[in-house]
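Below, chains carry the letters A, B, ... as their sequence lines are ordered, and counting in each starts from 1.
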Amino acid sequence: MNGTPGDPTASSEARRMALYLVLGQVPAGKVISYGELAQLAGLGRAARWVGRTLSQLPGDTQLPWHRVLGAGGRLSLALGTPSGDEQRARLRAEGVTLHNNRVDMSRHGWRPMEHSG
DNA sequence: CGGAAGGCATTTT
DNA sequence: GAAAATGCCTTCC
């Protein structure tokens, strides 16, 4: 609940909508971190909230949640987990190069601001 | 010096 | 109060 007076933040539903919009802006073959995603969605440092929301997403969602990684392209999900294994499988399917538990941000790091920020 | 891996601190539900 | 799809800092190669 957003029953926190003093916080101009919108309802959790509004935050989730912003997250969907930003996440839908992520092109295939590119990746982004939870923190970046939260910041682009205007959520600030709610990186935890982003990860939690993605985990709440249904399997029927069309959102590319598998393009969301930890900071610096680090995989937060561990192998052995349904989501962790699927994320790596989907990323590789899009042409993303995986290094053990790291992604090549230099080649797949999404830059919504490009250079003219 | 640069990249990768692990640990501790922060935030949200 | 506890758990979790994280983030930044420090250390090793």
- State whether the number of non-hydrogen atoms from other residues, nucleotides or ligands found under 6.0 Å of A:Q56 atom CD is greater than 12. yes

- Query: When you check the phosphate oxygens OP1 and OP2 of C:dT6, does a side-chain N or O of A:S76 lie under 4.0 Å from one of them?
  - Reply: yes

Measure all distances between protein nitrogen or oxygen atoms and nitrogen or oxygen atoms of nucleotides 8-10 of chain C, and list the pairs falling under 3.5 Å.
{"residue": "C:dC8", "atom": "N4", "partner": "A:R74", "partner atom": "NH1", "Å": "2.9"}

- Item | Steps toward side-chain contact (heavy atoms from CB on, under 4.5 Å) verdict (A:Y20, A:Q62) | CA-CA 10 Å; A:Y20 292 156; A:Q62 65 178 20; over 6 Å; no

- In residues 43-53 of chain A, which ones come under 4.0 Å of DNA chain C, going by heavy atoms? A:A47, A:R48, A:G51, A:R52

- Does any donor atom in the side chain of A:E94 or A:H66 lie under 3.5 Å from an acceptor atom in the other side chain? yes

- Message: Is there a side-chain contact between A:L69 and A:Q87 in this structure, where contact means two heavy atoms from C-beta onward sitting under 4.5 Å apart?
- Response: yes

Roughly, in whole Å, what's the span from [atom1] in [X] to [atom2] in [N]?
X      : N      : atom1 : atom2 : value
A:L54  : B:dT13 : CG    : C1'   : 15 Å
A:Y34  : B:dT13 : OH    : P     : 16 Å
A:L69  : C:dA4  : CG    : P     : 20 Å
A:L98  : B:dA4  : CG    : C1'   : 15 Å
A:L23  : C:dA5  : CG    : P     : 17 Å
A:L75  : C:dG7  : CG    : C1'   : 15 Å
A:Q56  : C:dA4  : CD    : P     : 14 Å
A:M105 : C:dT6  : CE    : P     : 15 Å

- Query: With syn defined as a glycosidic torsion within 90 degrees of 0 and anti otherwise, which applies to C:dA5?
  - Reply: syn

- Message: Has A:R88 got a side-chain atom pairing as donor or acceptor with A:L98's backbone, closer than 3.5 angstrom?
- Response: no

- Message: Given 3.5 Å as the limit, does a donor-acceptor pair link the side chain of A:S55 with the main chain of A:R52, or not?
- Response: yes

- Message: Distance check, rounded to the nearest 0.5 Å: A:E86 atom CD versus A:L79 atom CG?
- Response: 12.5 Å

- Note on the structure: In this structure, CG of A:L77 is separated from CG of A:L54 (nearest 0.5 Å) by 9.5 Å

- Item | Hydrophobic cluster identity match, A:L91 and A:L23, side-chain contacts under 4.5 Å | no

- Task: Can you tell me the pairing partner of B:dT10 across any strand shown, Watson-Crick or G-U wobble, with both distances under 3.5 angstrom?
- Result: none

